[in-house]
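Let me give you the structure first, and then I'll get to my questions.
Numbers restart at 1 for each chain; the letters A, B, ... are given by sequence-line order, proteins then strands. Just the heavy atoms: all of them, side chains too, but no hydrogens, waters or symmetry mates, feed the values below.
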Amino acid sequence: MYTMEDLNLVMKERLKKAQMFEEQGIPLYPNTYKVLHKTKDVITGAGPKSDEELERESMRFVLAGRIMAIRSFGKSIFMHIQDEFGRIQIYLQKNKLDAEKFKLAKKFDVGDIIYVEGVAFRTKTKELTILAEDVALITKNLRPLPEKYHGLKDVEIRYRQRYLDLIVNTHVREVFKKRTEIVQSVRKFLCDRGFLEVETPMMQLIPGGATAKPFKTFHNALGIELYLRIAPELYLKRLLVGGFEKVFELNRNFRNEGISTQHNPEFTMLEFYEAYATYEDFMKLTEELFTFLCEQLNNGNLKITYQGNEIDLTPPWKRYRFMESLEQIGGFSEDTLKDFGKTAELAKSMGIKPEKYEGHGKLLTKLFDVAVEPKLIQPTFITHYPLEVSPLSRRNDMEPDFVDRFELFIAGREMANAFSELNDPRDQKERFLKQLEAKRAGDEEAHEMDEDYIRALEYGMPPAAGEGIGIDRLVMLFTDMPSIRDVILFPLLKPEK
RNA sequence: GGGCCGUUAACUCAGUUGGUAGAGUAUCUGCCUUUUAAGCAGAGAGCCGCUGGUUCGAGUCCAGCACGGCCCA
């Protein structure tokens, strides 16, 4: 229980009040009140009516909500209560309420959840209000809410105690509702096109499908180490082998890496795969997906604002080959880029120190990250990535050092990664072996060998395209939020103490 | 991992060259039947993030640590 000593004054008062209520037989946490309406019912139902109509019709509402403000007089009280959908003013008049109920209502605190039954009317200042005829305590608040005017600003508390953030900062609720709408729209888009939603293992023996450090866990009964997945990719492609031709998975991935405004250790990823399609088909599909999202979320308006930049999502989007982008956007000379030695010199001059295990392709992507990616504000596809950094992509038929792959950038951030899938088991095995070499040379993020995946490819995987889209970043884009923590309900933080 | 910034009442924030800790909101006690950042009068409320150091004296200066934010790797 609570030791009175370590509580602030307000909490002591509330506990005292709670005790007093209980002594009077007033339950603090009853669950017997039937709530028939929401604040939005009042607003849509009574809002359009004239003052005279409201008086004539006396529309009754039965509501519940959290008290967000109290303005109390001797014989009348105004309150604002808030439910999931909004706020409404309540007016309690001494001569309109049972004497005991009015006395009780006088003792309500900001933060309490209450039950109100009454009739809609408009006050002198024309605010739609419920004149209470019955009122009751539903849940007693013991901890004071943040100040009503400035609200809760402390970001640490906002993230640690998201429930408080959601109570006080209503725009935060809107962000997370929009997140849900985005996820549902993405699902609808894919389902409408015949993609089958599937669930593959989050706990994997071999963490594959991406280059990243995994989280390790342990299964007691089997006595084996398992990894939280860094990507579902290899399992989804096993399903292509199995005969499913269009599949997708939209769920959590886990990467054991740093935390930043762009990275949370667990994040939500969409991956989808289509047999007999190519990465070029998927560029078109991706443009269609974003157009669809704008229809669903933005009234079809293809222009959105992100952190002060206007972004025009009208297709077709710009396309550059990877090497082309380094020359035209990065401003590097072809001569330098084609030569490993010169590329390494250039990288060093830019403060990038090449690792022993990093080849030409890897260095080029590091240059890209610094000199090209931040400049890709408008939606841009970058195609034909170096083979070295694409261990699961199909080799380009004309240029065997490059792959049939694209990444999509918007607002200077990678939004999607897609490629025609490598389905030649011999080539795949060779690529895995290359990755093992890099691993031995010290690359902790190199891809693991997955023998069963090779075995699956040996049965024959149809040619296919696959794509991954980071949902958190997508939500950031559509909600104009600068940090990934603003679109994840409970972002990972260090323990408080 | 590095740099910069922040941490003072429940919340939002002040705090002067180092000299007894401040405001508004919230809380409590009065008054008040159409208020809305209600109002008026009064009262209470602090591990100044933590640990050390300098000093007669530290919220303030110095060092270390913790947590958070932004930027960089």
(Q) Whole angstroms only, please: what is the NE2-P distance between A:H263 and B:rC72? (A)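 It works out to 12 Å between those atoms.
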
- Task: Figure out the NE2/C1' separation between A:H80 and B:rU35, and round it to whole Å.
- Result: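 Value for this atom pair: 9 Å.
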
Nearest whole Å is fine: how far is B:rC72 P from A:I352 CD1?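 A:I352 atom CD1 is separated from B:rC72 atom P by 14 Å.
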
- Message: Can you measure A:R14 atom CZ to B:rC11 atom C1' for me and round it to whole angstrom units?
- Response: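 Value for this atom pair: 12 Å.
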
Less than 4.0 angstrom from a charged side-chain N to a carboxylate O is my criterion; do A:E52 and A:R56 meet it?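 Salt bridge between A:E52 and A:R56, a charged N being under 4.0 Å from a carboxylate O: no.
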
Separation of B:rG1 C1' from A:E444 CD (nearest whole Å):
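Spelled out: CD on A:E444 to C1' on B:rG1 is 14 Å.
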
Item to check | Between B:rC61 and B:rG6 - P atom distance, rounded Å | outcome: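 Between the two P atoms, the distance is 10 Å.
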
(request) Pick base, sugar-phosphate or nothing for A:F121, based on heavy-atom distances below 4.0 Å to the nucleic acid. (result)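 Counting heavy atoms under 4.0 Å across all strands, the contact made by A:F121 includes a base.
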
Considering only the C1' atoms, how many Å lie between B:rG15 and B:rG19, rounded to the nearest integer?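 My reading of the C1' atoms in B:rG15 and B:rG19 gives 14 Å.
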
Practice task
For the pair A:E388 and A:T365, evaluate side chain to side chain contact (heavy atoms under 4.5 Å, CB included) and give the outcome as yes or no after the intermediate values.
Solution key: CA-CA 10 Å; A:E388 182 192 341; A:T365 61; over 6 Å; no

I want to check one thing: is the phosphate of B:rC28, taken as OP1 and OP2, less than 4.0 Å away from some side-chain N or O of A:K17?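 For A:K17, the contact criterion (side-chain N or O under 4.0 Å from OP1 or OP2 of B:rC28) is met.
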
Does the ring of A:Y385 carry A:R405 above it, NZ/CZ under 6.0 angstrom from centre and within 45° of its axis?
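Judged by the rule (NZ or CZ under 6.0 Å from the ring centre, within 45° of its axis), A:R405 counts as positioned above A:Y385.
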
_Verify stack between A:F78 ring and B:rU35 base, 5.5 Å, 30 degrees_ =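 Here A:F78 meets both the 5.5 Å and the 30° conditions.
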
Point to revise | B:rU27 versus B:rG46 - spacing of their C1' atoms, nearest Å | key: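 Approximately 15 Å lies between the C1' atom of B:rU27 and that of B:rG46.
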
Enumerate the protein-to-nucleotides 67-71 of chain B contacts in which both atoms are nitrogen or oxygen and the separation is below 3.5 Å.
residue	atom	partner	partner atom	Å
B:rC67	OP2	A:K494	NZ	3.1
B:rC67	O3'	A:R160	NH2	3.0
B:rC67	O2'	A:E156	OE1	3.3
B:rC67	O2'	A:E156	OE2	2.3
B:rC67	O2'	A:R160	NH2	3.3
B:rG68	OP1	A:K494	N	2.8
B:rG68	O4'	A:E156	OE1	3.0
B:rG69	OP1	A:R485	NE	3.4
B:rG69	OP1	A:R485	NH1	3.0
B:rC70	OP2	A:R485	NH2	3.0

(message) Between A:K16 and A:E13, does any NZ, NE, NH1 or NH2 come within less than 4.0 Å of an OD or OE carboxylate oxygen?
(response)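 Answer for the salt bridge query: yes.
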
May I ask you to decide whether A:K362 forms a salt bridge with A:E355, counting only side-chain N to carboxylate O separations under 4.0 Å?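 Judged by the 4.0 Å cut-off on N to carboxylate O distance, A:K362 and A:E355 do not form a salt bridge.
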
Would you please name every residue forming a salt bridge (Lys or Arg N to Asp or Glu O under 4.0 Å) with A:R473, sequence neighbours left out?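 Result, salt bridge (Lys or Arg N to Asp or Glu O under 4.0 Å) vs A:R473: none returned.
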
Practice task
For the residue pair A:F381 and A:F406, categorise the inter-ring angle as parallel (less than 30°), tilted (30 to 60°) or perpendicular (more than 60°).
Solution key: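 If you compare the ring of A:F381 with that of A:F406, the planes turn out perpendicular.
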
*SB check A:K40 A:D83 (cutoff 4.0 Å)*: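 Answer for the salt bridge query: no.
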
Using a strict threshold of under 4.0 Å (side-chain N to carboxylate O), is an ion pair present between A:K140 and A:D112?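 Salt bridge flag = yes for A:K140 with A:D112.
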
A:K366 bridged to A:D369 by N-O distance under 4.0 Å: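 Salt bridge flag = no for A:D369 with A:K366.
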
- [ ] In sequence, state the C-alpha distance, the side-chain angles, and the governing distance for A:L250 and A:L270, and then conclude on side chain to side chain contact (heavy atoms under 4.5 Å, CB included).
- [x] CA-CA 4 Å; A:L250 201 173; A:L270 164 70; 4.2 Å; yes

### Message
Do the side chains of A:E84 and A:R173 get close enough for a salt bridge, i.e. N-O under 4.0 angstrom?
### Response
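The answer is no: the pair does not qualify as a salt bridge.
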
- Query: Who passes salt bridge (Lys or Arg N to Asp or Glu O under 4.0 Å) against A:D98, sequence neighbours left out?
  - Reply: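 Salt bridge (Lys or Arg N to Asp or Glu O under 4.0 Å) check on A:D98 returns nothing, list empty.
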
Side-chain H-bond candidate by donor/acceptor type, A:R485 with A:N264, under 3.5 Å: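 There is no such pair between these side chains.
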
Spacing of A:L92 atom CG relative to B:rU34 atom C1', expressed in whole Å
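Atom CG in A:L92 sits about 13 Å away from atom C1' in B:rU34.
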
A correct dot-bracket answer for RNA chain B, with pairs being Watson-Crick or G-U at under 3.5 Å, [ ] for crossing pairs and | for inter-strand pairs, is (((((((..((((.....[..)))).(((((.......))))).....(((((..]....)))))))))))).

| field | For atom CE of A:M11 and atom C1' of B:rC28, their distance in whole Å | value |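 The answer, rounded to whole Å, is 17 Å.
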
- Query: Does a salt bridge link A:E266 with A:R252, judged by any charged N lying under 4.0 Å from a carboxylate O?
  - Reply: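 Judged by the 4.0 Å cut-off on N to carboxylate O distance, A:E266 and A:R252 do form a salt bridge.
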
How far, in whole Å, is B:rC28 from B:rA45 if one measures between their P atoms?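 Approximately 16 Å lies between the P atom of B:rA45 and that of B:rC28.
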
**Item:** Separation of the C1' atoms in B:rG2 and B:rG44, to the nearest angstrom
**Value:**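 One C1' to the other, the span is 47 Å.
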
- Query: In whole Å, what separates the P atom of B:rA41 from that of B:rU51?
  - Reply: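 Nearest-Å result for B:rA41 against B:rU51 at atom P: 41 Å.
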
**Study point:** Nearest-Å distance for atom pair CD1/P, residues A:I167 and B:rC11
**Key:**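 Computing the A:I167:CD1 to B:rC11:P distance gives 14 Å.
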
Original post:
Relative to the 5' end of RNA chain B, which residue comes earlier, A:D109 or A:K94, by the nucleotide with the nearest heavy atom?
Top reply: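 Going by which nucleotide is closer to the 5' end, it is A:D109.
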
Exercise. Looking only at N and O atoms, is any donor in the side chain of A:S76 or the base of B:rU34 less than 3.5 Å from an acceptor on the other one?
Worked result: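 Per atom types, no contact qualifies.
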
Practice item. From the options B:rU12, B:rU33, B:rU27, select the nucleotide whose nearest atom is closest to the side chain of A:H150. Key: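 Between B:rU12, B:rU33, B:rU27, the one nearest the side chain of A:H150 would be B:rU12.
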
Could you run down the sub-3.5 Å N/O contacts of the protein with nucleotides 8-10 of chain B?
residue	atom	partner	partner atom	Å
B:rA10	O4'	A:N8	ND2	3.2

- Task: For nucleotides B:rC72 and B:rC65, find the distance between their P atoms and express it as a whole number of Å.
- Result: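 Between the two P atoms, the distance is 24 Å.
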
Would you classify A:G151 as touching base, sugar-phosphate or nothing, given that sugar-phosphate means primed atoms plus P, OP1 and OP2, and contacts are heavy atoms under 4.0 Å?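 Answer is sugar-phosphate: A:G151 comes under 4.0 Å of backbone atoms only.
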
Practice prompt. Looking at every strand, decide which applies to A:E13 at a 4.0 Å heavy-atom threshold: base, sugar-phosphate, or nothing.
Written response: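 Contact class for A:E13: sugar-phosphate only.
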
Side-chain donor-acceptor pair present, A:Y91, A:Q89, cut-off under 3.5 Å: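 Checked: A:Y91/A:Q89 side chains show no N/O donor-acceptor pair below 3.5 Å.
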
Using a strict heavy-atom distance below 4.0 Å, which residues from residues 48-70 of chain A are in contact with RNA chain B?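 By residue number: none to list.
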
Using the P atom in both, what is the distance from B:rU12 to B:rU7, to the nearest Å?
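About 12 Å, rounded to a whole number of Å.
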
